[in-house]
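Here is the naming used below: chain letters follow the sequence lines, and residue numbers restart at 1 for every chain.
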There are 2 protein chains.
Amino acid sequence: MSRQMVRPGGRSARVQASVHAAVHELASEVGRDALTVPLVAQRAGVTPSTVYRRWGDLQELLSDVAVKRLRPDTAPGDHGALASDLTAWAEQFLDEMAHPAGRSYIRDALLGDPDGSNAGQCSAYAADQIDFILTRAAERGEKTPDVETVIDRVVGPMMYRILFRPDGLDAAYARRLVAEILGSTGP
Amino acid sequence: MSRQMVRPGGRSARVQASVHAAVHELASEVGRDALTVPLVAQRAGVTPSTVYRRWGDLQELLSDVAVKRLRPDTAPGDHGALASDLTAWAEQFLDEMAHPAGRSYIRDALLGDPDGSNAGQCSAYAADQIDFILTRAAERGEKTPDVETVIDRVVGPMMYRILFRPDGLDAAYARRLVAEILGSTGP
DNA sequence: ACCTTAAAGCAAAATCATTGCGTCTAGCGA
DNA sequence: TCGCTAGACGCAATGATTTTGCTTTAAGGT
């Protein structure tokens with residue numbers, strides 16, 4: 001259940017950071033599939049029981065780390081027009097998510113507690129970014145589709161292909177989806 | 001890696017059937033999260049090492065079972081027109097997949113060997129059903145979108161919401177997606 | 001009917017997961 | 001500032017799962 005810190009500062013925070021960093025490092029050293037709780041714990045300098053107590057099991061931990069990694073670290077760029085903003089965002093999204101590492105993170109995020117908000121978090125990140133882009137466009141006076149429409153027509157299809165048919169995805173696909181949605185709503 | 005049978009008939013097949021059945025039964029008796037390899041093996045009347053040798057780990061086994069369960073057992077119904085056929089199919093698809101059990105199967109299917117074709121299989125099942133519907137409509141002389149378009153505009157969005165935002169999904173959503181795609185291609 | 005070999009059983013060893021209990025420390029009120 | 005207190009961690013014992021070497025079984029071909 002991804003027990004969150006009750007005491008944000010201090011040791012608790014250090015342990016969390018240390019464990020997250022350990023997952024991160026080991027994932028690239030030995031591969032995601034070779035991760036085990038004892039291995040991560042040793043690298044993090046904590047005991048396995050600490051990890052089990054805080055995260056429950058390896059899946060929860062990985063899910064937790066994945067969500068953090070999937071959080072966008074920067075606001076969508078401003079290219080002056082909705083079409084360019086959305087296209088650039090979709091291209092970058094697809095590029096990051098379609099890489100093997102990105103796919104792993106997504107799958108891990110889907111695995112956390114079923115009712116837990118981990119997958120929902122990821123969805124919310126994307127929705128926030130899209131909302132930001134659309135709001136900015138609206139302030140420019142552009143006619144915009146709403147967030148749900150963009151999710152249905154751009155994010156959904158991209159994610160489906162990333163998860164279920166990871167081959168043959170490229171930036172042109174993202175551009176096509178964006179072009180189609182703007183064509184039916186835009187100027 | 002979901003080692004397939006090299007010897008289709010005989011003991012190998014019986015073991016596979018027995019193990020699959022055991023997963024199935026136990027999943028409904030004790031819940032999917034309580035499944036363990038030893039438990040499944042005992043119910044199936046095999047030794048755990050057999051399961052580990054054939055499937056590698058529990059995830060692969062569940063993924064294998066999930067794909068089998070997700071295979072449609074019946075051809076899409078004929079309602080006389082593309083719009084009704086597609087709508088009915090989408091409604092049923094959403095209904096089955098959005099239920100907790102369906103979501104579990106999908107998530108399990110996504111977990112198999114990353115390069116393995118388990119997730120791809122599921123996608124292919126849907127594509128086949130859609131192709132069947134579209135081909136039948138074309139034979140009636142109706143103008144139809146192509147399969148990829150239906151996947152992008154109907155299956156992708158539905159699957160995204162099932163996986164990432166499982167709340168507030170209903171048949172009306174499926175109907176809306178189908179209506180929108182036919183509106184832009186159809187009569 | 002015999003041979004070959006993939007696949008299953010068996011059992012020991014290794015690794016991982018779980019849990020009770022004592023210790024420590026961050027955060028809080030006096 | 002100085003204790004309190006409760007949550008979080010470490011340690012260590014216990015139980016369960018996973019892995020592995022070796023043996024046995026039986027399917028499929030000759």
Side-chain angles (χ1 to χ4, degrees), chain A residues 1-23 25-27 29-65 68 108 111-114 116, chain B residues 1-23 25-27 29-65 68 108 111-114 116:
Chain A
M1 59 187 93
S2 188
R3 299 132 171 98
Q4 290 308 341
M5 284 180 300
V6 177
R7 301 179 169 186
R11 183 161 73 157
S12 222
R14 280 197 306 278
V15 167
Q16 162 155 349
S18 170
V19 169
H20 277 217
V23 167
E25 292 169 23
L26 288 169
E29 288 175 24
V30 304
R32 185 208 161 290
D33 291 341
L35 295 183
T36 67
V37 170
L39 188 66
V40 169
Q42 179 178 3
R43 171 66 63 102
V46 301
T47 58
S49 65
T50 296
V51 174
Y52 288 117
R53 284 218 159 83
R54 275 194 61 172
W55 282 278
D57 61 13
L58 184 63
Q59 270 186 0
E60 287 293 335
L61 172 57
L62 292 180
S63 182
D64 209 42
V65 172
K68 283 219 163 42
D108 286 339
L111 280 178
D113 51 330
Chain B
M1 62 183 90
S2 189
R3 298 127 171 104
Q4 289 308 340
M5 285 179 300
V6 177
R7 299 177 169 185
R11 183 161 72 157
S12 221
R14 280 198 304 277
V15 167
Q16 162 154 349
S18 170
V19 169
H20 277 218
V23 167
E25 292 169 22
L26 288 169
E29 288 176 24
V30 303
R32 183 206 163 291
D33 290 343
L35 294 183
T36 67
V37 170
L39 188 66
V40 170
Q42 179 180 2
R43 172 65 64 100
V46 300
T47 58
S49 64
T50 295
V51 174
Y52 287 117
R53 285 217 156 87
R54 274 193 63 170
W55 282 278
D57 62 13
L58 184 64
Q59 269 186 0
E60 286 293 334
L61 172 57
L62 292 180
S63 181
D64 211 41
V65 172
K68 281 217 166 43
D108 286 340
L111 281 177
D113 51 329

Chemist: Report yes if the side chains of A:Val37 and A:Asp57 come closer than 4.5 Å at any heavy-atom pair, otherwise no.
Modeler: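 No, side chains not in contact.
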Chemist: Counting only heavy atoms and a strict 4.0 angstrom limit, can you tell me which residues of residues 37-50 of chain A come near DNA chain C?
Modeler: A:Val37, A:Pro38, A:Ser49
Chemist: Report yes if the side chains of B:Leu61 and B:Leu35 come closer than 4.5 Å at any heavy-atom pair, otherwise no.
Modeler: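 A side-chain contact is absent here, since even the closest heavy-atom pair is not under 4.5 Å.
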Chemist: Between the main-chain N or O of B:Ala44 and the side-chain N or O of B:Ser18, is there a donor-acceptor pair closer than 3.5 Å?
Modeler: yes
Chemist: Of all residues at least two apart in sequence or in a different chain, which pass the side-chain hydrogen bond (donor to acceptor under 3.5 Å, both in side chains) check with B:Glu25?
Modeler: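 By the side-chain hydrogen bond (donor to acceptor under 3.5 Å, both in side chains) rule, B:Glu25 matches B:Arg43.
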Chemist: Rounded to whole angstrom units, what separation is found between the CD atom of B:Gln16 and the P atom of D:dA27?
Modeler: 16 Å
Chemist: Please check the phosphate of D:dC9 (OP1 and OP2 only) for any side-chain N or O of A:Arg54 closer than 4.0 Å.
Modeler: yes
Chemist: Between CG of A:Asp108 and CD of A:Glu60, what distance do you get to the nearest 0.5 Å?
Modeler: 11.0 Å
Chemist: Please name the pair of heavy atoms, one in B:Ser63 and one in B:Leu111, separated by the smallest distance, quoted to 0.1 Å.
Modeler: OG-C, 4.5 Å
Chemist: In whole angstrom, what separates A:Arg14's CZ from C:dG27's P?
Modeler: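 Whole-Å distance recorded here is 10 Å.
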Chemist: Given atom CG of A:Leu58 and atom C1' of C:dT15, what is their separation to the nearest angstrom?
Modeler: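 Atom CG in A:Leu58 sits about 14 Å away from atom C1' in C:dT15.
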Chemist: Which protein N or O atoms sit under 3.5 Å from an N or O of nucleotides 22-25 of chain D?
Modeler:
| from | atom 1 | to | atom 2 | distance (Å) |
| --- | --- | --- | --- | --- |
| D:dT25 | O2 | B:Arg11 | NH2 | 3.2 |

Chemist: Under a 4.5 Å cut-off applied to non-hydrogen side-chain atoms, are A:Leu62 and A:Val23 in contact?
Modeler: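 A:Leu62 vs A:Val23: side chains touch.
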Chemist: Whole-Å distance between C:dT15 C1' and B:Asp57 CG?
Modeler: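 In whole Å, C:dT15 C1' lies 15 Å from B:Asp57 CG.
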Chemist: Please report the interatomic distance NE2(B:His20) to CG(B:Asp64), rounded to the nearest 0.5 Å.
Modeler: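 Atom-to-atom, B:His20:NE2 and B:Asp64:CG are 4.0 Å apart.
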